[in-house]
Amino acid sequence: VDEVVLAVDIGGTKMAVGLVDAHGAVRASDRTPTPVSADPEAVWSPLAALLAAARTGARESGWALRAVGVGCGGPMAGGGETVSPLNIAAWRGFPLRQRIEEATGVPVVVDNDAKALALGEGWVGAAAGCENFMAMVVSTGVGGGIVLDGRLLEGREGNAGHVGHLIVEPGGRLCACGARGCLEAEVSGTAIAAMTGAPAAAASEAVIERSGTLTGRAVADVANLLDLALVVIAGSVALGFGAPFFRAAQAEVVARARLAFAVGTRVRPAGLSASGPLVGAGALGWRTSGLPVLSVS
Ligand SMILES: [Zn+2]
């Protein structure tokens, strides 16, 4: 019998589910817009419908469901027991893990979406085989997940890796977190739209270069702090900006990561493109099932 995990990606604009096999392939997927509502149940019910349809799909294909892995916007508490995604206002302390476990009857693990992405990139993406790297998402928001010595960093409540709140422009724009000049407040799609009056897809060369430079500034700090040699970046803003963004980021890293061990730190596009969030959530599910998705899992 083929085995799969149910992968769930929860974001501010859409919720997606997929069935991911033990090789990291997405066998089936579906999605729905995230409802804009103040009612937590109004956000939950379309997700519950997606989960039910995915379970039916797995059964009809003869695939056994091992676990559910969920990537969700941060922050969270209790290692994913409750979630309070900044971009889903209706969910504050929402018991997502328990709700999905009740709905599916298999073990469920919930983690930050950018940590999930890091796991996926280290499993079958651009960081496969690398034991020390960071994966970033530069999209509506900015997130990150860090793998050090072959392990995904967790922290007290599971929030390690929130690179979007490194301060790259002291005294800069006010961030949703309350601080000023956070990377997320300067280069996220939301920030760019607020600053320029147009979506990131319409950004000028100057905005693209500045976004790359500030992202590189954060990367350089992380490289200096953590002794890692590779940063892979996903997300619609970074990938949409493309080569000029990555060139500017790399140049800033070269200028600012000067310690001998940090020299040579590379900034690259993530490898899993649009399937990254589901592969990452799938990696969470497989890891909880005992499959070593990283070298030290
Ligand atoms: Zn912030």
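All values derive from a computational prediction rather than experimental measurement. Start at 1 with the first residue, then count along the sequence. When a ligand or atom number is given, it counts from 1 through the structure's own listing order.
- Between the side chain of Thr265 and the main chain of Leu230, no donor-acceptor pair closer than 3.5 Å is present.
- Looking only at distances, no side-chain donor or acceptor of Ser139 sits under 3.5 Å from a matching main-chain atom of Gly141.
- In terms of heavy-atom proximity, Arg92 sits nearest to Ile88 at NH1-O, 3.1 Å.
- By the 30° and 60° cut-offs, the orientation of the rings of Phe245 relative to Phe241 is tilted.
- In plain terms, the two heavy atoms of Asp21 and Trp123 that are nearest each other are O-CH2, 3.7 Å.
- Rounded to the nearest 0.5 Å, atoms CZ (Arg173) and OG (Ser188) are 7.5 Å apart.
- If you look at the Zn ion (ligand 1), the protein N, O or S atoms less than 2.8 Å from it are His165 ND1, Cys175 SG, Cys177 SG, Cys182 SG.
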